[in-house]
Amino acid sequence: MAKIQVKTKINGEETEFLCQPYDTVLDVLRKDLNMTGTKEVCSTGDCGACSITMDGRLVCSCLVLAAETEDKNIETIEGMAKNGKFNVLQKTFLEHAALQCGICTPGMLVAAKSLLEKNTNPTETEIRYWLAGNLCRCTGYDKIVKAVQAAAEEIRENA
Amino acid sequence: MSEVKFISPETLEQAVDAYYKSSKEGKTKILAGGTDLLVQIRSGISQPDTIIDIKNIKELKEISNDNGSYTIGAAVAGAVLDEEEDFGNNWPGVLEALRLIGSEQIQGRASLGGNLCNASPAGDSVPALIASGATVKVHGPEGERNMPIESFHAGPGKTNLKNGEIVVNFQFPKKQKCSGDAYLRMIPRTEMDIAVVGCAVNVTIENDKCVDARVALGAVAPTALLVEDASKALIGSNFEKEAVEKAALACEAACNPIDDKRGTISYRKKVSKVLFKRALEKAIERAKKG
Ligand SMILES: Cc1cc2nc3c(=O)[nH]c(=O)nc-3n(C[C@H](O)[C@H](O)[C@H](O)COP(=O)(O)OP(=O)(O)OC[C@H]3O[C@@H](n4cnc5c(N)ncnc54)[C@H](O)[C@@H]3O)c2cc1C
Ligand code: FES
Ligand code: FES
């Protein structure tokens with residue numbers, strides 16, 4: 001079957017790939033591009049493990065067709081640490097033990113980063129609502145919320 | 001499997017033409033945010049052989065404000081409309097209904113057009129759109145036409161769109177002075193769930209009297225409903241207890257709900273009255289602010 005050729009930017013790098021019409025961005029990231037940091041859990045938009053940003057918008061990569069990403073700007077968890085240095089959220093997640101099995105973590109980090117880019121001083125309620133689409137079976141969320149608050153504080157201090 | 005086509009036309013004419021032709025030959029689906037469609041493809045409920053992405057068509061992504069009358073493109077995502085501050089000041093009820101759809105991730109994609117065309121009886125934005133008095137513009141092989149939202153649906157999952165017709169945008173009336181709208185839904189959880197009952201109210205007040213009212217219910221019948229008897233009970237009243245009670249009873253009487261694990265028939269009917277009163281209170285509060 002004829003494949004669709006797509007040219008897009010992933011974490012700042014021009015990327016080209018071939019996909020089938022039903023392939024999602026998540027399929028292509030994990031299977032074709034070997035970028036397995038973005039996790040697949042539900043495939044139906046419910047869990048947030050597959051969170052990425054596309055042109056700056058937080059989305060579930062399981063609900064975006066790969067063919068739709070022509071000329072887009074995609075950011076995944078792989079682009080979060082810069083020059084071998086953790087993003088502040090990655091650091092505070094470790095400091096606050098905000099992960100256990102780690103399956104939800106890439107999605108949590110990508111979603112939390114997108115919140116802090118919009119609002120560096122979110123209330124606890126705002127954090128909980130923003131992350132309502134990111135499910136975690138292990139931590140009970142409290143440590144995740146604390147880690148996001150700590151990261152926000154660091155961002156404000158360094159601003 | 002025959003070859004599946006993915007196309008992303010840049011004009012409405014191209015999209016309508018492709019939609020009309022391909023739906024004669026096979027199963028074609030319009031793709032807006034994909035938050036319904038991709039789930040349906042994944043689960044096998046929908047297996048289109050042509051997918052038409054409408055997000056590269058300018059009109060469908062446009063937000064405009066002509067002297068207080070808003071036009072919102074059918075494919076504008078919730079998170080995008082949320083950033084249009086003045087829209088939220090004019091139609092807080094419509095915005096809160098759209099923003100209730102899913103998580104932030106879903107909001108990055110979910111559109112009013114998709115919520116309407118998916119035609120779930122529980123679609124959250126639909127009652128709010130009905131109460132606002134907005135109309136929808138559709139474009140098809142025979143040209144353009146406008147429909148009131150309340151006559152858009154034919155049943156659960158069914159619309160009155162004709163072959164090849166695409167929803168272009170939503171046109172909101174100019175907001176009246178001292179009017180306000182509100183939407184509330186009842187769900188078993190606090191986030192990320194499907195409405196058991198949804199109620200939208202839009203009222204206009206003049207000298208403490210209700211001069212206009214539109215009440216709409218979702219999730220209690222095969223399609224979202226405009227409850228005209230509730231409007232009648234409110235118009236001309238001072239929102240006195242008797243008038244509000246009469247309107248609430250009209251809401252209850254309009255319900256024709258299903259019985260399922262989320263709520264029994266009698267529960268949904270009862271909740272429709274309670275939710276109506278709460279949404280009314282909120283709409284009145286907003287109307288009094290201007
Ligand atoms: C996790 C999750 C939570 C959700 N929560 C809610 C909720 O709380 N409340 C709620 O109401 N919904 C909810 N939904 C459903 C869905 O997000 C909404 O219905 C959304 O508004 C659909 O918009 P979309 O742009 O993604 O539509 P799409 O999936 O792109 O399209 C939906 C349908 O409409 C058709 N269509 C779309 N646009 C047009 C157009 N312009 N002209 C003609 N046909 C068109 C498509 O062909 C398709 O059949 C949820 C979905 C998910 C995955
Ligand atoms: S895998 Fe995409 S939301 Fe769960
Ligand atoms: S750490 Fe295991 S799901 Fe969140």
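Naming convention: chains lettered A, B, ... in sequence-line order (proteins, then strands); numbering from 1 in each chain. This is a predicted model, so every value here is computed, not measured. In what follows, every heavy atom counts, from backbone to side chain, and hydrogens, waters and symmetry copies are set aside.
- For B/Q40, no part sits under 4.5 Å from any heavy atom of chain A, backbone or side chain.
- Of the two parts of B/L37, neither the backbone nor the side chain holds a non-hydrogen atom closer than 4.5 Å to a non-hydrogen atom of chain A.
- Around atom NZ of A/K146, no more than 12 heavy atoms belonging to other residues, nucleotides or ligands sit under 6.0 Å away.
- Chain B forms the most heavy-atom pairs under 4.5 Å with one residue out of A/L65, A/T53, A/I4, and that residue is A/L65.
- Looking only at distances, a side-chain donor or acceptor of B/R109 sits under 3.5 Å from a matching main-chain atom of A/L63.
- The local environment of CZ in A/F17 is crowded, with over 12 non-hydrogen atoms from other residues, nucleotides or ligands closer than 6.0 Å.
- Per-residue counts of heavy-atom pairs under 4.5 Å with chain A were compared for B/K5, B/K55, B/R42; the largest is that of B/R42.
- At a 4.5 Å heavy-atom cutoff, A/L115 makes no contact with chain B through either its backbone or its side chain.
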With salt bridge (charged side-chain N to carboxylate O under 4.0 Å, His left out) as the criterion, how do B/D82 and A/R57 come out once you've worked through the C-alpha distance, each side chain's angles and the decisive distance to 0.1 Å?
CA-CA 13 Å; B/D82 187 51; A/R57 290 269 169 221; over 6 Å; no

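- When A/C62, A/S114, A/C60, A/S61 are each tested for a side chain to side chain contact (heavy atoms under 4.5 Å, CB included) with B/Q105, only one passes: A/C60.
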Show your working on side-chain hydrogen bond (donor to acceptor under 3.5 Å, both in side chains) between A/N134 and B/E104 and close with a plain yes or no.
CA-CA 9 Å; A/N134 290 83; B/E104 263 326 298; over 6 Å; no

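- In the displayed structure, B/K282 atom NZ is contacted under 6.0 Å by more than 12 heavy atoms of other residues, nucleotides or ligands.
- If you run side chain to side chain contact (heavy atoms under 4.5 Å, CB included) between A/T44 and each of B/L38, B/V39, B/T35, only B/V39 comes through.
- To the nearest 0.5 angstrom, A/T24 atom OG1 is 10.5 Å from B/I41 atom CD1.
- Residue A/E40 places its CD atom among more than 12 non-hydrogen atoms of other residues, nucleotides or ligands, all under 6.0 Å distant.
- By the 6.0 Å contact criterion, CZ on A/R137 is open, its count of non-hydrogen atoms from other residues, nucleotides or ligands being 12 or less.
- Note: A/W130 CH2 to B/S103 OG = 10.0 Å, rounded to the nearest 0.5 Å.
- Within 6.0 Å of CD in A/E13 there are 12 or fewer heavy atoms belonging to other residues, nucleotides or ligands.
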